[in-house]
Amino acid sequence: MSVLDAVRGHVDSYTAGERFAAILVGGFVAAVGLALVSGQLSGGYLLFLLGLAGMYVLLSLGLNVQWGYAGLVNFSVVAFWGIGAYSAALVTAPSAPIPLELHPVVGLLVAIVASATVALLIAVPTLRLRGDYLAIATLGFAEVIRLLMLNERWLTAGGLGIAGIPPILRGISEAIPQVRLNLGVARIELTHGLTNSLLEFLAVATLVLVVFLGLRRIQRSPWGRVLRTIRADEDLARALGKDTFRFKLQAFVLGSVIMAIAGVFYVHFNRYLDPSDLMAIETFYVWIAVILGGSGSNRGAILGGLSVIAILEGTRLVNALPLLAGVDIAPLRLFLIGLLVILVIRYKPEGLLPPQHEHIWPEATQEADR
Amino acid sequence: MCALQLVADGVIFSCIIILGSIGLSLVYDIANFPNFAHGDLMAVGAFGAITANTVLGLPFVAAAVVGIGVGATVGVATERVVFEPLDVGPLELLIASIGVALCYRAVLIGGFGSDPRSYDVGGRGRVEALHEATGIAASPRSIAIVASTLVLVLSLHLLLQYTSLGRQMRATADDPDLARVSGIRTRTVTTAMWIIGGGLAAAGGVFLGLDTIVRPQMGFDLLLVLFAAVILGGIGSVYGAMLGGFAIGMAHELTPLVPGVGTEYKAAVAFVIMILILLFRPSGIMGGKESA
């Protein structure tokens, strides 16, 4: 019974938002499990979806650094994602117009350097702008990037796109032998493809974990506290002698590099990239994820990223229901997301998991309790 | 293509941008947020007219009026149902307006599919007399667009300058609190602004559909160009939006004259102008409020 009591005690310490989030995640896991068992969802596709979810989570975490920590209104999320994705694709793919065929690690480094450089170039003039102006300016910048990727065919292959991008763990999955397990009820077959998907999923999961832990540490650091002060009252931060522009610049670059890393990961697991992936709607999805999760909260960004991908991909399963077999899902999905945004802003503008005790060192509260 | 032809194309495109940017500018000033749903409101108007024209079989002119009515109604309804009850900062309003934009587009795609449509009206060929006299190829459709825009813009000017409602609108745009204590019913004025803004946006959408084609994404694709016009003209200034719309529309179409820049970068030129204005003169060329 003591285990049950311990669980109950733990659950009692949750806030209402945390409970709701736990129910949401539990329901999500149950739905995925059900779909997997009933054969609606294959293991390989599930891994693909989880990889996609990991990418959205990374994007949300990156935007959370900019908007959640520092209050910077960046509407060029998809542009930085695209800079990362195109850097990786152009450096590694044999089908790139200028084939270099370097190792994915080189692509990652190029992506980090390129995104940081572009972020600096964009941020230095624009970060002084008012929030709404910054939103419009960065949205315009993202469109310029999209047009460049679409039209500079000598470099990016334009609308044709780049195919045949190698997997990020090139050479490793082939080294692992194929396994066939016959467990009576379930036959598990680990082909090279599935092994590779599994490894890629583990890679993104590790990446998300590392970024999450790193950001959590940063948020509690003096640097994170200065950013929080800037977001609440920039004049106050300046009066305390902080070079607020410098801090905002650092937050902008850090967030943009995280977005670029998400892009690098995406091309290696999707294996194909074209400029239609760079539409502004992708930026809106990431914003919706951060607002839904709770601005400034890393856990919220993860929850928001997962929720958005659950809505985007989960609505595909609606057609599996006999009643709704013929319904066109795309507009329904768009409508649901639009409605969700309006409802969240109306009834819960602080999001599902607003930052509360994550700003405080755990030791500090323990000592207060004692 | 000769420069004169590009200028003519620029005038036509400018008309559409002007109609879109007036409403965007009014709402930006009064409600204090950039309405990301404004582009999709243009599409709503265009589809309203398509329904009246091809489904109900109304003649095009009547259908265009229906489309404008639909745009105005949807604009006011959105303000009453979504924006007015929100008690949040400008950035949250901006995000909410993205949600509204997605809802508009979802309804359009759900109701009409994503295939492009066009109006059931003639007037596609060029006017031969004009072509022989000046070398400009312009269809009767384009001439109708320019003429109608002139009428709409002139009416708005007369409304703003010579009617009581116009004076109240200018006063409210200038200082909402002062207007309210002077006895102006600012809520009525705000409603009037949404009607005018929504109606003009819908007119822009109908004309865009007439000039090119009607599709659900048409308005959103134009949104950043509209923002460029509004920011260039100065937020809240109707005359600024007209001037900004004209300048951005011309820049958009005259891009091929700039050496080394292809037509594929038309929109990019508008965005770069916008970013430069934001950096160096964020109050716009009309300097903000005094002309309302």
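Naming: A, B, ... by sequence-line order, numbering from 1 per chain.
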Any side-chain heavy-atom pair from B:Val27 and B:Phe83 closer than 4.5 angstrom? no
Determine whether a donor-acceptor pair (N or O, by modelled atom type, separation under 3.5 Å) exists between the side chain of A:Ser297 and the backbone of A:Leu353. yes
If I take atom CD1 from residue B:Ile235 and atom CG from residue B:Asp29, how far apart are they, to the nearest 0.5 angstrom? 8.0 Å
So what's closer than 4.5 Å to chain B heavy atoms on A:Leu340: side chain, backbone, both or neither? neither
Neighbours of chain A found in residues 37-48 of chain B - heavy atoms under 4.5 Å: none
Counting heavy-atom pairs under 4.5 angstrom with chain B, the leader among A:Leu334, A:Leu336, A:Val341 is A:Leu334
Could you grab the distance from atom CG of B:Asp9 to atom NE2 of B:His252, nearest 0.5 Å is fine? 11.5 Å
What are the two closest non-hydrogen atoms of A:Ala157 and A:Ile162, and how far apart are they? CB-CG1, 4.4 Å
For chain B, find its close neighbours in residues 56-73 of chain A: heavy-atom separation under 4.5 Å, sorted by number, or none. A:Trp67, A:Val73
If the test is side chain to side chain contact (heavy atoms under 4.5 Å, CB included), which one of A:Asn74, A:Thr283, A:Leu129, A:Val77 qualifies with A:Thr138? A:Asn74
Distance-minimising heavy-atom pair for A:Phe252 and A:Leu127: CD1-CD2, 4.0 Å
Counting only heavy atoms closer than 4.5 Å, note whether A:Pro349 contacts chain B via side chain, backbone, both or neither. side chain
When every non-hydrogen atom of B:Thr255 is compared with those of B:Gly262, the smallest separation belongs to CG2-O, 3.9 Å
Is a salt bridge present between A:Asp233 and A:Arg238, judged by a nitrogen-to-oxygen distance below 4.0 Å? no
Chain B shares the most heavy-atom pairs under 4.5 Å, among A:Glu152, A:Arg146, A:Met279, with A:Glu152
Which pair of heavy atoms, one from B:Phe246 and one from B:Ile18, lies closest together, and at what distance? N-CG1, 3.7 Å
Side chain B:Trp194, main chain B:Thr78, donor-acceptor under 3.5 Å: no
I'd like to know which of B:Tyr104, B:Tyr265, B:Phe271 tops the heavy-atom pair count under 4.5 Å against chain A. B:Tyr265
Taking the side chain as everything from C-beta on, heavy atoms only, tell me whether A:Leu352 gets closer than 4.5 Å to A:Leu292. yes
Closest heavy-atom contact between B:Phe33 and B:Ser97? CE1-CB, 3.8 Å
Heavy-atom cut-off 4.5 Å, strictly under: side chain, backbone, both or neither for B:Val81 against chain A? backbone
d(B:Arg80 CZ, B:Arg187 CZ) to nearest 0.5 Å is 3.5 Å
May I ask you to list the residues in residues 107-116 of chain B that approach chain A closer than 4.5 angstrom, counting heavy atoms only, ordered by number? B:Val107, B:Ile109, B:Gly110
Of all of B:Leu279, B:Val269, B:Leu278, which one pairs up most often with chain A through heavy atoms under 4.5 Å apart? B:Leu278
Name the option with the most non-hydrogen atom pairs under 4.5 Å to chain A; the candidates are B:Leu93, B:Leu224, B:Ile275. B:Leu224
With only heavy atoms counted, which part of A:Thr126 is less than 4.5 Å from chain B, the side chain, the backbone, both or neither? both
Take B:Tyr28 and A:Asp132 through the test side-chain contact (heavy atoms from CB on, under 4.5 Å) and record every step on the way to the result. CA-CA 10 Å; B:Tyr28 204 155; A:Asp132 48 347; 2.7 Å; yes
One should read off an interatomic distance between A:Phe80 CZ and A:Ile145 CD1, to the nearest 0.5 angstrom, of 7.5 Å
Nearest 0.5 Å please: distance from the CD1 atom of A:Ile337 over to the CG atom of A:Leu339. 11.0 Å
In terms of heavy-atom pairs under 4.5 Å with chain A, the winner among B:Ile98, B:Val88, B:Val272 is B:Ile98
Are the side chains of A:Leu155 and A:Met149 in contact, using a 4.5 Å heavy-atom criterion? no
Quick check for you: among A:Val144, A:Leu148, A:Ile291, which has the greatest number of heavy-atom pairs under 4.5 Å with chain B? A:Leu148
In this structure, CD1 of A:Ile230 is separated from CZ of A:Arg228 (nearest 0.5 Å) by 11.5 Å
Sequence neighbours excluded, which residues qualify as side chain to side chain contact (heavy atoms under 4.5 Å, CB included) partners of A:Glu350? A:Lys348, A:Pro354
Side chain, backbone, both or neither of A:Ala280 within contact of chain B (heavy atoms, under 4.5 Å): side chain
Please flag which part of A:Ile288 lies under 4.5 Å from any non-hydrogen atom of chain B: side chain, backbone, both or neither. side chain
Does any backbone or side-chain atom of A:Leu139 lie under 4.5 Å from a heavy atom of chain B? Answer side chain, backbone, both or neither. both
Compare every heavy atom of A:Leu227 with every heavy atom of A:Phe247, then report the nearest pair and how far apart it is. O-CD2, 3.7 Å
When B:Ala270, B:Ala268, B:Pro90 are compared by non-hydrogen pairs under 4.5 Å with chain A, the top option: B:Ala268
Segment of A:Leu147 engaging chain B (4.5 angstrom heavy-atom cut-off): both
Looking at B:Val100, B:Val82, B:Leu223, B:Ile95, which one has more heavy-atom pairs under 4.5 Å with chain A than the rest? B:Ile95
